[in-house]
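Below is one structure, written out as structure tokens; the observations come after it.
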Amino acid sequence: MRAKRHIFRWDLDKTYLATDFDSLGSLVKIAFEKADQKVNVPGAASLLRQLTRATEDAEWEAHVHFISGSPQQMAGVLAEKLKLDGITYHSLNLKPNLRNLTRGRFRAIKEQVGYKLPLLLKGRADYGPGEMETLFGDDAESDGFIYALYADLMAQRIDWDTVLGVFEACRVYPDTLEMAKAARDHLQFDDCVEQIFINLDRRSNPNRFAGIHERIVPIYNYWQAALVMEARGRLSAGGALAVAETMISSFGSSVARLRNSAEDLLRRRQLSVEGLALVNEALANAEPEWNHRPLVKALSRLISRPPPVDAPPPPAADEPRDYVALFHQEKAARKQAKEEVIKARRA
Amino acid sequence: MITIAVDGMGGDHAPQAIVEGVALLSLEGAVQILLVGDHRQLSTELARHRHEAELISIRHAPQIIPMDAKPAQALDALPKNSVSIAARLVAEGEADALVTAGNTGAAILAASREWKRLPGIRRAALAAVYPTKLRHGPKEDPFALLLDVGATVSASAEDLLRFALLGDAYARIVSSNPSPKIALLSNGTEANKGSPEIRQAHALLRHCKDINFIGNVEGLDIPIGTADVIVTDGFVGNVVLKMLEGISDVVQELASYAFHRHLTWRIGLTLLKQALNRLKDLTDWEAYGGAPVLGFDHLLIKAHGRSNPMAIRNAIKVAAKAVRGDIIGYTAQALAQLPEVVESAASDAEEDEA
């Protein structure tokens, strides 16, 4: 019998690659960068490699798909970059920006909801019920919103009219709408989105995502994602330690930083103390090729003196979210986060 | 990386201003922060601001020392207060220095209970950073240092010598001034002016080879900034500091009065607005963040009680800079010359008498 598949969908810029597209100069730089000049978000490549490696002894097979707003002209260099990183993937979807430009579809160049949601729906047609997905995005674009919309649509918590309302708010082009409808017709609806990780590239307030979807886990780094995934059984202790090792040896992180990241997860109730204790027990029993004892010790101390965290709030009423209102809120929040980053840079 | 313990509950605008200052600094990525105080309040506040979670750890302390509390009584009655726990974390090696905007007396007392005094130090000194007319050091720092401003009410000649060494170390490391001008506050510039302690201190300081002692200065030299570090006892220092603050408040009130009194004065002040704002920028206490408490084996930076987020950020940066420059090691080394200086001054005095 074929193993069940687990689908990992990744955005590229600011999620996998540490791309700076906040200025014209940096945009030009990106266009001329070679594969080996591109820099990863700390721990992203390591986590992805570990997630796909986990399949060797897991009950599921990892399928990796990239959906990025980068132009299709960059396909070659991005494919080469992923190859250099040792990432195997099933699809690399890039935006037809040149075509949008030549056809005068200027809104489509910047707009993300009308680009990514139809691709997610189209991609889902290849999978069946029970095949779960973990989605990775960032706070610079509307990834959290798009993934939440997709998750709720797949789980049938919202109807198609809600999606149409959002498309109207985004002013998507008619053919995009048709493409989304066609994709929808081939779907087997299922509550398939297990977790949505949002990399806080702009260090946005994590509370911003609380109202969007309960399965969103805003993360400050991929060590946090590794801890949450290990607690869920999607990643081995060795895999999580590999992410930690990469962050320390290649990206200047430290045991203190990793410890504080774990504390932040406890504080935000993204991980329970009991969950972290189990994770740390597995970490202690792992035998990586580096000295991980200081990290295990720091986490043990955190577990022995956990922060007094309030009980989780009662589950929200199972009412459909107002995605059109959320879309506008998110847009304003993104704009504010961007302005704050620019202001901080100037200061 | 340097770790600074921050009292999250101390100050007129705590915990909001403290947490926001910590969040601001964390985004700069250079300092680890242990934020100490009521966990619920601090984490709720932190979640409101953009911050770098990798650099912030919150340590729970359920009690708060009120700003107007009597230090000893409050510390005894509230043993789990934020400033004492923060000082303990520093003593245990979890952080390198402490920053608080809370009750000054309680902060110094908490430090004295948790930390050791440096060898040779009888009492700690509270220093004040204040704006002057002249600039100081190669970086043209608009601020000078005055110490002690209240930690030790009456000081002996040797205490004053110690204060001079502490101030010298601080100015060298934090103001990056390689040869700060050190002066004694007196009622005349001549060596024979002042109280017996001042005259004796003058004699001792003349024997200190490693510091740039420029002699006595008078009250009028304080705002001018003739010296980079002015040494006095805590009683006089506190009177001077309060007077400087009072003058600043009166000038602001007079300007406000003038603005509302006559149209011509209003026009005049409006025309001067840019220059006045520039002046405010140069002398803004928020820019230097906090005043050091010197003499312990760890550094305490006392931020102004009214500190806003930017002042807190700057106070933590000052603490980190002082730690990076190993102010404690440098001060201990400077204090080691004390016996030699005292001996040399005594033998000179004997020769003079003979």
Side-chain angles (χ1 to χ4, degrees), chain A residues 42-43 139 199-210 217-224 227 244 247-248 251-270 298-299 301-302 305-311 333 336-345 347, chain B residues 1-6 8 19-63 80 82 85 88-89 92-96 281 286-287 309-310 313-314 317:
Chain A
D139 61 342
N199 178 40
L200 296 172
D201 173 79
R202 289 192 168 147
R203 295 304 184 246
S204 305
N205 183 341
N207 284 353
R208 175 181 139 192
F209 300 95
V217 182
I219 49 167
Y220 286 90
N221 55 53
Y222 281 106
W223 162 244
Q224 291 191 321
L227 284 175
M247 289 183 62
I248 291 173
F251 293 97
S253 190
S254 63
V255 166
R257 279 172 176 257
L258 299 182
R259 181 223 164 273
N260 290 348
S261 303
E263 183 190 316
D264 171 66
L265 287 177
L266 296 180
R267 216 161 42 224
R268 292 193 280 127
R269 291 193 296 261
Q270 298 292 356
L299 293 179
R301 286 187 71 182
L302 172 62
R305 287 185 308 187
V309 178
D310 290 340
Q336 192 190 337
K338 187 176 178 181
E339 282 170 0
E340 281 175 9
V341 169
I342 292 168
K343 197 175 146 191
R345 275 186 192 168
Chain B
M1 188 181 274
I2 288 161
T3 304
I4 306 294
V6 178
V19 175
E20 195 179 338
V22 163
L24 261 174
L25 182 72
S26 73
L27 293 168
E28 294 174 28
V31 182
Q32 290 262 5
I33 297 151
L34 285 188
L35 191 53
V36 186
D38 183 276
H39 191 279
R40 188 173 288 109
Q41 284 191 55
L42 295 179
S43 51
T44 305
E45 194 55 42
L46 187 61
R48 291 195 181 115
H49 304 284
R50 286 178 66 235
H51 64 275
E52 177 52 79
E54 290 183 13
L55 294 176
I56 302 173
S57 173
I58 298 179
R59 300 300 168 91
H60 185 55
Q63 295 170 331
K80 290 182 179 174
S82 54
I85 290 182
R88 200 169 306 145
L89 287 168
E92 289 167 358
E94 290 213 44
D96 302 299
D281 286 347
E286 289 163 6
M310 197 51 81
R313 166 191 170 267
N314 290 338
K317 284 180 87 164

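Just the heavy atoms: all of them, side chains too, but no hydrogens, waters or symmetry mates, feed the values below. Reminder, nothing fancy here: chain letters follow the sequence lines and each chain counts from 1.
Here CD of B/Gln63 is found 7.5 Å from CD1 of B/Ile85. Values are rounded to the nearest 0.5 Å. Atom CG of A/Leu302 and atom CG of A/Leu258 lie 12.0 Å apart (nearest 0.5 Å). From B/Glu52, atom CD reaches atom CZ of A/Arg203 across 4.0 Å, with rounding to the nearest 0.5 Å.
Within residues 23-36 of chain B, the residues that have a heavy atom under 4.5 Å from a heavy atom of chain A are B/Leu27, B/Gly29, B/Gln32, listed by number. Within residues 37-44 of chain B, the residues having any heavy atom closer than 4.5 Å to a heavy atom of chain A are B/His39, B/Arg40, B/Ser43, listed by residue number.
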Q: Start with the C-alpha distance between A/Phe209 and A/Leu200, add both sets of side-chain angles, then the distance that settles side-chain contact (heavy atoms from CB on, under 4.5 Å), and finish with yes or no.
A: CA-CA 10 Å; A/Phe209 300 95; A/Leu200 296 172; 3.6 Å; yes
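Heavy atoms closer than 4.5 Å to chain B are found nowhere in A/Arg268, neither backbone nor side chain. With a 4.5 Å cut-off on non-hydrogen atoms, A/Glu340 touches chain B through its backbone and its side chain both. When heavy atoms are compared at a cutoff of 4.5 Å, A/Arg259 approaches chain B solely by way of its side chain, counted from C-beta outward.
Ranking B/Arg48, B/His60, B/His49, B/His51 against chain A, the residue ahead of the rest is B/His51, based on heavy-atom pairs under 4.5 Å.
For A/Pro306, the side chain to side chain contact (heavy atoms under 4.5 Å, CB included) test picks out A/Val273, with sequence neighbours left out. Residues meeting the side chain to side chain contact (heavy atoms under 4.5 Å, CB included) test with A/Glu339, sequence neighbours left out: A/Lys335.
Not a single donor-acceptor pair under 3.5 Å links the side chain of A/Asp201 to the backbone N or O of A/Asp139. Under a 3.5 Å cut-off, the side chain of A/Asp264 and the backbone N or O of B/Ala53 do not form any donor-acceptor pair.
With a 4.5 Å cut-off on side-chain heavy atoms, A/Arg257 and B/Leu55 count as touching. Taking 4.5 Å as the limit, every side-chain heavy atom of A/Asn221 sits out of range of all side-chain heavy atoms of A/Pro42.
The pair B/Arg59-B/Glu92 fails the salt-bridge criterion, with no side-chain N (NZ, NE, NH1 or NH2) lying under 4.0 Å from an Asp/Glu carboxylate O.
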